[in-house]
Number of protein chains: 2
Amino acid sequence: MDSGPGWELWRTFGAVMRAGSLSGAARMLGLTQPTAGRHIAELEAALGAGALFTRSARGLQPTETALALASESEAMAAAAAALVRTASAPADAMTGVVRISVSEVIGAEVLPPILAALRAQHPGLIIELLLTNASSDLLRRDADLAIRMTEPRQQALLIKSVGRIRLGFYAHRDYLSRAGSIGSAADLERHAIIGFDQDAASIRSIEAAWPDLPCFALRTDNQLAQLALIRAGCGIGVMQDPIAHRDPALVSVLPEDFQARMSVWIAMHEDLRSTRRMRLVFDALVSGMTAHIKAGSERQR
Amino acid sequence: MDSGPGWELWRTFGAVMRAGSLSGAARMLGLTQPTAGRHIAELEAALGAGALFTRSARGLQPTETALALASESEAMAAAAAALVRTASAPADAMTGVVRISVSEVIGAEVLPPILAALRAQHPGLIIELLLTNASSDLLRRDADLAIRMTEPRQQALLIKSVGRIRLGFYAHRDYLSRAGSIGSAADLERHAIIGFDQDAASIRSIEAAWPDLPCFALRTDNQLAQLALIRAGCGIGVMQDPIAHRDPALVSVLPEDFQARMSVWIAMHEDLRSTRRMRLVFDALVSGMTAHIKAGSERQR
DNA sequence: GAGCAGCTATACAGAATCGTATGGACAGCG
DNA sequence: CGCTGTCCATACGATTCTGTATAGCTGCTC
């Protein structure tokens, strides 16, 4: 039985794909360039599917065959990383690594206090935050846990719905006193709206929710920057109610005309159920996010 | 940057998990027992999460920590196997390995002629058939393509619906002439019904479709055995119309009272789109299954 | 209880792998 | 144009890893 080429070869293959050169890959992995070169040569010989790369003096360029392997190679790397995480502590311990995938806003604005409380109780926990708006793959184990705004419809995932976050338009009161307050939606024409730049999906969802919105005056795809712009009094933008309500200087704009809700789920791979720290963090995220959503329904005093 | 333990160590870890012993794992991988033992020891040292196995004179028993790693380890092995498959030929060639996951009935009764025609056109294709009724994981790449009877609701999958297969009750004419023909559903009480033994999901779906069915007289979870029993004249059972119609000796029983439809999808991982042979087999499955379903709507002559 | 079969652990020699050192090629820059 | 930085390919010595051989343990069978 031929069990294929050595797995170490696949590791350097992945590194070469990402680095674009043997030397770069060797630096990544703590090897030397000749070793990386030997690995690739051995891999090509073992596969017998022709060359994987075309060598040049400024690096290795992947052939079509190598490109077809790219995503699968990353999946293997993700699996290896997940193994290391899961094995970072005994399964029944409250120590070790947990990797959480969340959106930028949640990760920067909502999670820190939740995680702080969690780590105060369990100092051995190590949290890795993967801040990305593109939903990374839980099944592929790019992360152990995830907070999702779209319902994960996949088997093999442990899912808990925690409610819906209210969204609204907000502006700093200094901005409003400067640019003039707003009585009706028609007044928005005179105002600076903060929105997205190129993120087509977000733009479309905003347009779907509020079709008669004037076009964005300030554009960025970075949602944290949007929040900062609002707080700095640059204009009017979309904000989660619970986040806005923390700052008394932020004023809700046309709360009747512009509101939306965003459902929130916490998801975890089923296999992690028996790993105690994963379950612990899962429960902490559920209760923390529930509290966060609840805070949004109360106005600041 | 510490990039974790060597991937080869994970490979022997997986083998030890499956074999239950160092010696068995070594035989699987073409290594020797001392090497396997060294690998595990090195892995335990590298992870620092305590022992992965408790050694005994009759093998290695996984600890809870090791059990938590089992499924992820298999995912890594699946990724490695998928890499070997994808790299078994140049991406633009019509040769190489394609692994298909299908149900036992489809795999044994429907696919063979489709695959025969395909291989006649492209002799370089190597087909691996994974016959399992439990839907294996496409995202985890246990297989490259799959024929599914439930709609795959996952991103990153290329899905094509090919229609619905009609199901009905059938019996061999010899059986009916021996046991008496059937005029109404009440007559079924006197007859031998072929059905499932322990497969709770299948039993429930049958009961949902035909609530007033007498209990099964002949039981097996192996659907191929069910077909064989029907063909041998043992009794009445559920059969796909297109399969039944091939054999003039099979007679439809109460076609008005007992009928159902089973939707069929062909699914493939998105990443394989650019691999030409995968696309080829995908298209062949689509057209082949479409033809199969169409054949079910015509009675045999 | 002796014998057998299966397993793990250890010692040591051989083989495969790796790193160092070097040469050659190419692109960017002053 | 020459210099520099980066890259790949090759040769050779050192290290690491692997396999063989052996001892010890356990459970089963006769």
Side-chain angles (χ1 to χ4, degrees), chain A residues 1-48 50-67 69-70 73 80, chain B residues 1-47 49-67 69-70 73 80:
Chain A
M1 140 180 143
D2 186 19
S3 40
W7 285 13
E8 290 294 340
L9 305 184
W10 288 121
R11 166 141 80 165
T12 72
F13 170 80
V16 170
M17 286 295 283
R18 282 195 289 165
S21 73
L22 295 177
S23 314
R27 279 192 296 269
M28 275 188 186
L29 299 176
L31 301 173
T32 55
Q33 169 260 322
T35 301
R38 277 188 290 256
H39 282 180
I40 297 301
E42 190 182 343
L43 194 56
E44 287 172 330
L47 296 175
L52 290 170
F53 299 92
T54 56
R55 271 82 167 171
S56 83
R58 68 179 186 285
L60 269 67
Q61 193 167 5
T63 64
E64 217 167 302
T65 305
L67 287 174
L69 300 172
S73 165
Chain B
M1 142 179 144
D2 184 19
S3 41
W7 286 12
E8 290 294 340
L9 305 186
W10 287 122
R11 167 141 80 163
T12 74
F13 171 80
V16 170
M17 287 294 284
R18 282 195 290 165
S21 73
L22 295 177
S23 312
R27 279 192 296 268
M28 274 188 187
L29 299 176
L31 302 174
T32 56
Q33 169 260 321
T35 301
R38 278 188 290 255
H39 281 182
I40 298 299
E42 190 182 343
L43 193 56
E44 287 173 330
L47 296 175
L52 291 170
F53 300 92
T54 55
R55 272 80 166 173
S56 81
R58 67 180 186 285
L60 269 68
Q61 194 168 3
T63 65
E64 218 168 300
T65 305
L67 286 174
L69 300 172
S73 165

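Sorted by first then second residue, the ring-ring contact (aromatic ring centres under 6.0 Å, His included) pairs that include residues 8-37 of chain B, not counting sequence neighbours, are W10(B)-F13(B), F13(B)-F53(B).
Nucleic acid contact class of G59(A) (heavy atoms, under 4.0 Å, all strands): sugar-phosphate only. Nucleic acid contact class of G30(B) (heavy atoms, under 4.0 Å, all strands): sugar-phosphate only.
With hydrogens and angles ignored, the 3.5 Å screen pairs a side-chain donor or acceptor of E44(B) with a backbone N or O of L52(B).
Regarding contacts with the backbone of dC17(D), every side-chain N or O of H39(B) stays at 4.0 angstrom or more from both OP1 and OP2. Close to dG19(D), at under 4.0 Å from its OP1 or OP2, lies a side-chain N or O of T35(B).
Remark: R58(A) engages no residue in a salt bridge (Lys or Arg N to Asp or Glu O under 4.0 Å) (not counting sequence neighbours).
The shortest side-chain heavy-atom distance between P62(B) and M17(B) falls under the 4.5 Å cut-off. Side-chain contact between V16(A) and H39(A): absent, with no pair of heavy atoms (C-beta onward) separated by less than 4.5 Å.
A straight line from CD of E44(A) to C1' of dA9(D) spans 14 Å, rounded to a whole angstrom. Nucleotide dG19(D) holds its C1' atom 15 Å from the CG atom of L29(B), rounded to whole Å. Counting to the nearest Å, the P atom of dT8(C) and the CZ atom of R38(B) are 14 Å from each other. Atom CG of L60(A) and atom C1' of dC8(D) are 8 Å apart (whole Å). The separation between E42(B) atom CD and dT16(D) atom C1' is 10 Å, rounded to whole Å. With rounding to whole Å, L22(B) atom CG is found 10 Å from dA9(C) atom C1'. One interatomic measurement links the two molecules: CZ of R55(A) to P of dA27(C), which rounds to 18 Å at whole-angstrom precision. Rounding to whole angstrom units, CG of residue L31(B) and P of dT17(C) are separated by 13 Å.
Two residues, P34(B) and G24(B), neighbour DNA chain C, and the one matched to the more 5' nucleotide by heavy-atom proximity is G24(B). Between Q33(A) and A57(B), the one whose closest nucleotide on DNA chain D sits nearer the 5' end is Q33(A).
Closest to the side chain of S23(A), out of dC7(D), dG19(C), dT20(D), is dC7(D). Ranking dC7(C), dG19(C), dC8(D) by closeness to the S21(B) side chain, first place goes to dC7(C).
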